[in-house]
Asks: 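A single structure is presented below for examination.
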Amino acid sequence: MGVLSEGITQVLIPVAALIGIGFALLQWILVSKVRVSVGSDDQYGGYKNPLIGGAELENGVDSLEVTIKCAEIQKAISVGATSFLFTQYRYLTIFVGVFGAIIFLFLGSVKGFSTKSEPCTYNIGNLCKPALANAIFSTIAFLLGAFTSVLSGFLGMKIATYANARTTLEARKGVGKAFITAFRSGSVMGFLLAANGLLVLYVSINLFKLYYGDDWEGLYESITGYGLGGSSMALFGRVGGGIYTKAADVGADLVGKVERNIPEDVIADNVGDNVGDIAGMGSDLFGSYAESSCAALFVASISSFGIGHDFTAMSYPLLVSSMGIVVCLITTLFATYLSEIKNVSQIEPSLKRQLLISTVLMTAGIAIVSFFALPSEFTLFNFGANKVVRNWHLFFCVAIGLWAGLVIGYTTEYYTSNAYSPVQDVADSCRTGAATNVIFGLALGYKSVIIPIFAIAIAIYISFSLAAMYGIAVAALGMLSTIATCLAIDAYGPISDNAGGIAEMCGMSHEVRERTDALDAAGNTTAAIGKGFAIGSAALVSLALFGAYVSRAGLETVDVLTPKVFIGLIVGAMLPYWFSAMTMKSVGSAALKMVEEVRRQFNSIPGLMEGTAKPDYATCVKISTDASLKEMIPPGALVLLTPLIAGTFFGVETLAGVLAGSLVSGVQVAISASNTGGAWDNAKKYIEAGASEHAVSLGPKGSDAHKAAVIGDTVGDPLKDTSGPSLNILIKLMAVESLVFAPFFATHGGLIFKLL
């Protein structure tokens with residue numbers, strides 16, 4: 001037993017979660033103090049206090065009309081994002097109901113819906129609860145995971161649409177004020193998600209324990225449904241949101257910047273940033289957190305922690321997450337109180353410093369948790385054998401995951417920030433047209449895979465050597481332990497992007513737009529860092545879930561030389577390409593409709609080019625909404641049906657091959673797609689900003705080099721915001737789904753090979 005008693009553990013976890021929620025609410029209150037005194041009683045954006053005051057302006061260029069327009073645009077973005085998410089959630093409610101029924105029927109049929117207690121699989125000599133109980137509780141856990149995922153995404157979107165115009169108007173007082181507003185808003189999302197995910201998981205375990213009692217094997221097996229619910233919602237949020245935003249972005253870029261040579265922002269594009277980059281990313285990282293926790297808890301439950309009923313050691317993953325919330329809270333104080341942004345060059349270093357500070361502090365935090373919560377020596381399940389492990393082994397497993405995340409984050413930043421040579425080389429290639437820009441961008445994306453893959457490989461080798469599959473699960477948790485800071489930095493990006501779009505559409509002064517552009521450029525890089533974290537953690541999470549699946553399916557080894565496994569391997573490696581083809585085509589066809597609609601409006605609405613007439617926002621929003629809801633179904637079906645078909649018809653070994661193949665191939669494709677798109681986007685911004693002699697020689701906006709950069713950015717949009725980020729959900733979701741359905745596949749799977 002560790003030093004911490006069960007009673008103290010039962011208090012520490014919910015207290016940490018409540019501190020996280022309290023801190024998020026404090027940040028929300030501070031953001032809401034930024035007000036607009038337009039003198040109207042209208043509820044802008046669904047909020048009672050009107051936006052932003054006309055006092056304290058740095059210069060008097062921006063009139064009251066601009067302020068009113070700012071509030072109008074914020075309202076349109078908020079209404080658009082809310083209505084899209086509610087429409088999407090109506091569809092997803094049907095999916096959750098149907099898939100919940102499938103979980104219950106498949107798992108209940110393992111023992112013919114028997115209500116008799118069964119001999120335990122791992123805790124030999126004891127009786128465990130019936131298979132029917134596992135079916136019921138797995139379904140409940142799935143519903144809880146789905147609800148928490150949706151809630152995380154929705155709350156994130158709400159704060160982002162609340163903060164975007166506030167950031168724009170704060171930019172009139174200086175870049176520092178605008179930065180703090182955007183960062184605080186991102187913190188609200190980060191802390192709410194981390195705390196909600198932890199609290200719901202903790203409460204679920206304690207409620208399930210009322211029925212399961214000493215049957216921890218059954219308890220933690222049913223909890224894996226929580227991860228499945230979280231990731232299935234994230235998949236549709238990412239794919240649907242990604243198609244929505246990129247249909248608008250690509251359409252607006254092509255007509256606005258290339259054809260008409262005007263600023264391209266449209267309401268639908270800004271709405272899309274919130275539903276894709278905020279709600280989608282929130283659900284995605286929540287899914288990773290839930291799955292890594294579930295994988296670690298499942299492996300621990302069949303090891304000495306679970307068999308010996310050591311609740312504190314069992315709760316090690318939850319204690320690591322609790323420490324993460326406290327560490328991220330301290331880190332956030334550095335950004336908002338202890339250091340002040342005085343000019344645009346300080347924005348990106350400040351955000352990067354957050355990552356470094358949180359990683360250093362979290363390393364100390366992990367050491368404290370490891371030495372107080374764990375016994376000095378214990379055994380972990382290792383594919384049929386038991387491995388003797390010491391508490392400092394687990395400290396190194398979590399720490400290696402944490403630092404691998406930092407390496408991936410910094411590498412992503414190097415390849416996607418326009419402060420470094422890779423993106424500057426891509427921008428330079430625009431001198432000779434779009435073709436060379438595309439070639440350089442693709443090469444950059446492929447090259448950017450190298451260091452993250454080595455970082456993941458080293459983390460896997462060390463953590464597996466020290467603590468078998470449990471080591472990999474807690475390494476993934478280590479990478480996600482600073483999730484509140486990572487999400488704050490990530491959500492900052494779309495909020496700043498929206499702020500820039502609002503400034504552009506309101507016709508604010510050049511000075512204000514320069515500041516919002518600087519915030520946005522840093523935000524692009526931080527969004528790429530967030531995607532790097534999401535992909536890196538997905539690789540570790542998927543491998544941990546794969547190990548848990550192999551254990552639960554009763555496989556001692558997975559031999560790639562056997563035909564059953566190898567056919568799964570090669571088909572699994574193909575799936576990310578099939579999935580990417582679907583999502584890319586969906587964006588392309590939706591963008592076609594958007595281009596035609598934007599052209600129609602320019603040609604048929606008098607005064608639109610001059611800015612004297614109002615565009616038809618609703619039609620553009622409807623095109624994006626209809627396309628995303630229709631087009632998100634086939635990719636989602638591919639991911640969710642593949643494990644069911646492979647496991648039922650070809651058996652557990654072939655499915656193991658499919659999971660391994662999709663993991664190895666999906667990680668590479670996801671990293672290269674995200675970084676290629678991010679580099680093209682920042683190459684365009686590098687030319688537009690004209691901050692160096694080299695950039696000035698390529699510009700200004702509207703030059704041939706700039707048009708070539710816009711084309712590269714347009715090609716990269718679906719790569720970085722639809723296909724790339726969705727692929728990490730593909731590999732995680734297939735793995736967690738396989739784990740949940742493993743008892744069914746082990747009992748009834750492999751129908752085709754049985755017939756042969």
Side-chain angles (χ1 to χ4, degrees), residues 88-115 129-150 204 208 218 220-237 239-240 283 287 290-291 294-295 298 545 548-549 552-553 568 572 575 579 632-652 654-656 658-659 662 729-752:
Q88 187 184 48
Y89 294 158
R90 278 205 297 275
Y91 282 81
L92 292 182
T93 304
I94 299 165
F95 159 77
V96 167
V98 171
F99 204 74
I102 290 171
I103 294 171
F104 174 73
L105 293 172
F106 272 56
L107 295 183
S109 67
V110 171
K111 298 286 182 184
F113 297 96
S114 165
T115 54
K129 299 292 182 186
L132 184 62
N134 184 31
I136 293 167
F137 282 96
S138 292
T139 307
I140 294 169
F142 168 75
L143 297 174
L144 281 170
F147 171 74
T148 313
S149 180
V150 163
S204 304
F208 283 22
Y220 289 102
E221 187 177 315
S222 62
I223 281 289
T224 55
Y226 184 70
L228 176 58
S231 253
S232 55
M233 292 297 101
L235 176 71
F236 290 111
V239 174
S283 293
E291 285 159 337
C294 290
F298 173 74
L545 291 165
Y549 160 75
R552 188 64 192 85
L575 288 173
F579 180 86
M632 74 181 181
I633 296 167
L638 173 71
V639 177
L640 289 162
L641 292 178
T642 298
L644 292 177
I645 293 167
T648 305
F649 293 104
F650 299 96
V652 289
T654 303
L655 179 53
V658 169
L659 296 178
S662 65
I729 304 174
L730 173 140
I731 57 177
K732 291 183 307 188
L733 183 51
M734 282 174 50
V736 74
E737 186 184 349
S738 303
L739 172 59
V740 169
F741 286 100
F744 175 82
F745 298 147
T747 310
H748 301 300
L751 296 178
I752 288 177

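None of the values given here were measured: they were computed from a predicted structure. Reckoned from all heavy atoms, side chains included, excluding hydrogens, waters and symmetry mates.
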Asks: On a heavy-atom basis, which atom in P635 and which in V239 lie closest, and how many Å separate them?
Replies: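 P635 and V239 have their closest heavy atoms at CG-CG1, 4.2 Å.
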Asks: Rounded to the nearest 0.5 Å, what separates atom CG in L739 from atom OG1 in T224?
Replies: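 With rounding to 0.5 Å, CG (L739) is 4.5 Å from OG1 (T224).
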Asks: Taking side-chain contact (heavy atoms from CB on, under 4.5 Å) as the test, write out the residues that go with L751, two or more places apart.
Replies: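 Per chain and number, L751 pairs via side-chain contact (heavy atoms from CB on, under 4.5 Å) with T648, F649.
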Asks: Can I752 and F650 be said to form a side-chain contact (heavy atoms from CB on, under 4.5 Å), step by step?
Replies: CA-CA 6 Å; I752 288 177; F650 299 96; 3.8 Å; yes
Asks: Would you call F579 and I729 a side-chain contact if the rule is heavy atoms closer than 4.5 Å?
Replies: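 F579 does not reach I729 side chain to side chain.
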Asks: So, for P743 and T747, which heavy atoms are closest and what is the spacing to 0.1 Å?
Replies: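 In this case the closest contact between P743 and T747 is O-OG1, 2.8 Å.
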Asks: Partners of V150 by side-chain contact (heavy atoms from CB on, under 4.5 Å), sequence neighbours excluded?
Replies: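 So V150 forms a side-chain contact (heavy atoms from CB on, under 4.5 Å) with Y89, M233.
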Asks: For the residue pair F298 and L545, establish whether any side-chain heavy-atom pair is separated by less than 4.5 Å.
Replies: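 Of all side-chain heavy-atom pairs linking L545 with F298, none is under 4.5 Å.
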Asks: Filter on salt bridge (charged side-chain N to carboxylate O under 4.0 Å, His left out), then keep only pairs touching residues 95-107, sequence neighbours left out; what's left?
Replies: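 Every pair satisfying salt bridge (charged side-chain N to carboxylate O under 4.0 Å, His left out) with a residue in residues 95-107: there are none.
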Asks: When rounded to the nearest 0.5 angstrom, what distance separates CG in L575 from CG in L730?
Replies: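 L575 CG to L730 CG: 6.5 Å, rounded to 0.5 Å.
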Asks: Please tabulate, for the side chains in residues 101-112, all donor-acceptor contacts under 3.5 angstrom to protein atoms that are two or more places apart in sequence or on a different chain.
Replies:
residue : atom : partner : partner atom : Å
S109    : OG   : L105    : O            : 3.2
S109    : OG   : F106    : O            : 2.8

Asks: Just how far is it from atom CE of M734 to atom CG of L644, taken to the nearest 0.5 Å?
Replies: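 Rounded to the nearest 0.5 Å, the CE-CG separation comes to 10.5 Å.
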Asks: Quick one: list whatever passes ring-ring contact (aromatic ring centres under 6.0 Å, His included) with F208, sequence neighbours left out.
Replies: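 Once residues adjacent in sequence are excluded, the partners of F208 under the ring-ring contact (aromatic ring centres under 6.0 Å, His included) criterion are F137.
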Asks: Identify, with sequence neighbours excluded, every residue that meets side chain to side chain donor-acceptor pair (under 3.5 Å) alongside S662.
Replies: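 S662 satisfies side chain to side chain donor-acceptor pair (under 3.5 Å) with no other residue.
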Asks: Under the rule for ring-ring contact (aromatic ring centres under 6.0 Å, His included), what residues qualify as partners of F142, not counting sequence neighbours?
Replies: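 Scan of F142 (ring-ring contact (aromatic ring centres under 6.0 Å, His included), adjacent residues dropped) gives F99.
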Asks: Search all heavy atoms of Y549 against all heavy atoms of S738 and return the closest pair with its distance.
Replies: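 In this case the closest contact between Y549 and S738 is CD1-O, 3.3 Å.
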Asks: According to ring-ring contact (aromatic ring centres under 6.0 Å, His included), who are the partners of Y226, at least two apart in sequence or on a separate chain?
Replies: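 Per chain and number, Y226 pairs via ring-ring contact (aromatic ring centres under 6.0 Å, His included) with F286.
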Asks: Which pairs pass side-chain hydrogen bond (donor to acceptor under 3.5 Å, both in side chains) with one or both residues in residues 90-102, sequence neighbours excluded?
Replies: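 Of all non-adjacent pairs touching residues 90-102, none passes side-chain hydrogen bond (donor to acceptor under 3.5 Å, both in side chains).
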Asks: Measuring only between side-chain heavy atoms, which start at C-beta, is P643 closer than 4.5 Å to V658?
Replies: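 The answer is no, as the side chains (C-beta and beyond) never meet within the 4.5 Å cut-off.
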Asks: Would you compute the distance between atom CG of L228 and atom OG of S138 and round it to the nearest 0.5 angstrom?
Replies: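 If I round to the nearest 0.5 Å, the distance is 9.0 Å.
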Asks: Using the side chain to side chain donor-acceptor pair (under 3.5 Å) criterion, which residues pair with E221? Sequence neighbours excluded.
Replies: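 Expected list: N134, R552.
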Asks: Return the minimal non-hydrogen interatomic distance between A146 and V96, and the atom names on each side.
Replies: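 It is CB-CG2, 4.1 Å.
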Asks: Roughly how far, to the nearest 0.5 Å, is the OG1 atom of T654 from the CG atom of L659?
Replies: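 Rounded to the nearest 0.5 Å, the CG-OG1 separation comes out at 11.0 Å.
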Asks: Return the minimal non-hydrogen interatomic distance between A553 and A746, and the atom names on each side.
Replies: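 Result for this residue pair: O-CB, 3.9 Å.
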Asks: Minimum heavy-atom separation for G240 to Q88, with atom names?
Replies: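 Here G240 and Q88 meet closest at CA-NE2, 3.9 Å.
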Asks: Does the side-chain contact (heavy atoms from CB on, under 4.5 Å) test come out yes or no for F95 and I633, once each step is laid out?
Replies: CA-CA 10 Å; F95 159 77; I633 296 167; over 6 Å; no
Asks: For the atom pair OG (S149) and CG (L144), what is the distance rounded to the nearest 0.5 Å?
Replies: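 The OG atom of S149 sits 12.5 Å away from the CG atom of L144.
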